[in-house]
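Side-chain atoms are counted along with the backbone in the values below, which use heavy atoms only and exclude waters and symmetry mates.
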Amino acid sequence: MDLINEKSVSDAIIFRRSVRVFKNEAIDEQKVKDCIHLATLAATSSNMQLWEFYHIVSPDIIKQIAVASFDQNGAKTAQQLLVVVVRKDLWRKRMKSNIAFLKSQFGNKPETEYSKREKFALNYYKKIIPTIYTDFFGILGAIKFLAFYIIGIFKPIYRQVSQSDMRIVAHKSAGLAAQNFMISMAALNYDTCPMEGFDSIRIKKILHLPASVEINMIIGCGLRDEEGIYGERFRIPFEEVYFKI
């Protein structure tokens, strides 16, 4: 990826705005793809990477998604779109990938020769991850929540183990990746518009996605029109949100 003339991280963060109207001017598909690759380098809970990224360049599909996004200008005028998808249903596959990667890093030796740290890493994926992610219509999640709550009376313990908790965990990781993407785009002087207003069932049908997946957000991509930013940036005073302890 060509890093020449990219903005600094600070400059890219300041440059990034939610652009609602894009110019009718093409942007480089490969550069957008490079930014999606950078999105995959984001921090992710337990390195599970429960995400997928759908890079939409077809004008027809963009039009369909725009209709399913209530004809928002951020989708309707976008030159390209990125649909960030949460794949919590792939946790077993991602778990196995992590185990295989760890074994490849530990070297060609029997498990009996693994160090204490290596055994802990493997057991994390072989035992803890299945305990956290396994569920049955929310029933097991409720049981785990109660069990962990009781254990937590006596010692510190991870408590976010219900079905809804794990959905939040997966969406947080996807959100971190989406932010990586938008900052990477800003570094190239490309603009984005993250959108949450859409008919998720219709979006999944358009992209032929399984019913079990969830759409984290849709990001419009392009170059900002003069009227694309609707106003000055507003933020709550820093003193109201910053606490030094």
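A pairwise comparison of heavy atoms in Leu188 and Cys35 identifies CD1-SG, 3.6 Å as the closest pair.
A donor-acceptor pair is defined here as one N or O able to donate and one able to accept, closer than 3.5 Å; such a pair exists between the side chain of Gln79 and the backbone of Lys23. A donor-acceptor distance shorter than 3.5 angstrom exists from the side chain of Lys144 to the backbone of Thr134, with no hydrogens or angles considered. A donor-acceptor contact shorter than 3.5 Å links the side chain of Asp191 to the backbone of Arg224. A donor-acceptor distance shorter than 3.5 angstrom exists from the side chain of Asn216 to the backbone of His171, with no hydrogens or angles considered. With Lys204 contributing its side chain and Leu209 its backbone, the two residues share no donor-acceptor pair below 3.5 Å.
Placement of Val67 and Ile61 in two distinct hydrophobic clusters is found when ILVMFWY residues are connected by side-chain heavy-atom separations under 4.5 Å, directly or transitively.
Put simply, CZ on Phe53 and CD1 on Ile219 are 8.5 Å apart, with the number rounded to the nearest 0.5 Å. Taking CE from Met48 and CZ from Arg92, the interatomic distance works out to 10.0 Å, rounded to the nearest 0.5 Å. To the nearest 0.5 Å, the span separating CD1 on Ile215 from CZ on Arg202 amounts to 14.0 Å. Distance check, rounded to the nearest 0.5 Å: SG of Cys221 to NE2 of His55 gives 6.5 Å. Atoms CG and CZ, on Asp89 and Arg94 in that order, are 9.0 Å from each other to the nearest 0.5 Å. Ile65 CD1 to Asp199 CG: the interatomic distance, rounded to the nearest 0.5 Å, is 12.0 Å.
Applying the side chain to side chain contact (heavy atoms under 4.5 Å, CB included) test to Thr44 and every residue at least two apart in sequence or in another chain returns Asn47, Gln49, Trp51, Ser173.
Sorted by first and then second residue, the pairs that involve residues 68-78 and meet side chain to side chain donor-acceptor pair (under 3.5 Å), not counting sequence neighbours, are Asn73-Tyr230. Note on residues 91-122: pairs passing ring pair (Phe, Tyr, Trp, His ring centres under 6.0 Å), not counting sequence neighbours, are Trp91-Tyr133, Phe106-Tyr114.
A salt bridge does not link Glu111 with Lys119: every distance from a Lys NZ or Arg NE/NH1/NH2 to an Asp or Glu carboxylate oxygen is 4.0 Å or more.
Test Thr40, Leu38, Leu82 against Phe181 for side-chain contact (heavy atoms from CB on, under 4.5 Å) and you get one pass: Leu82.
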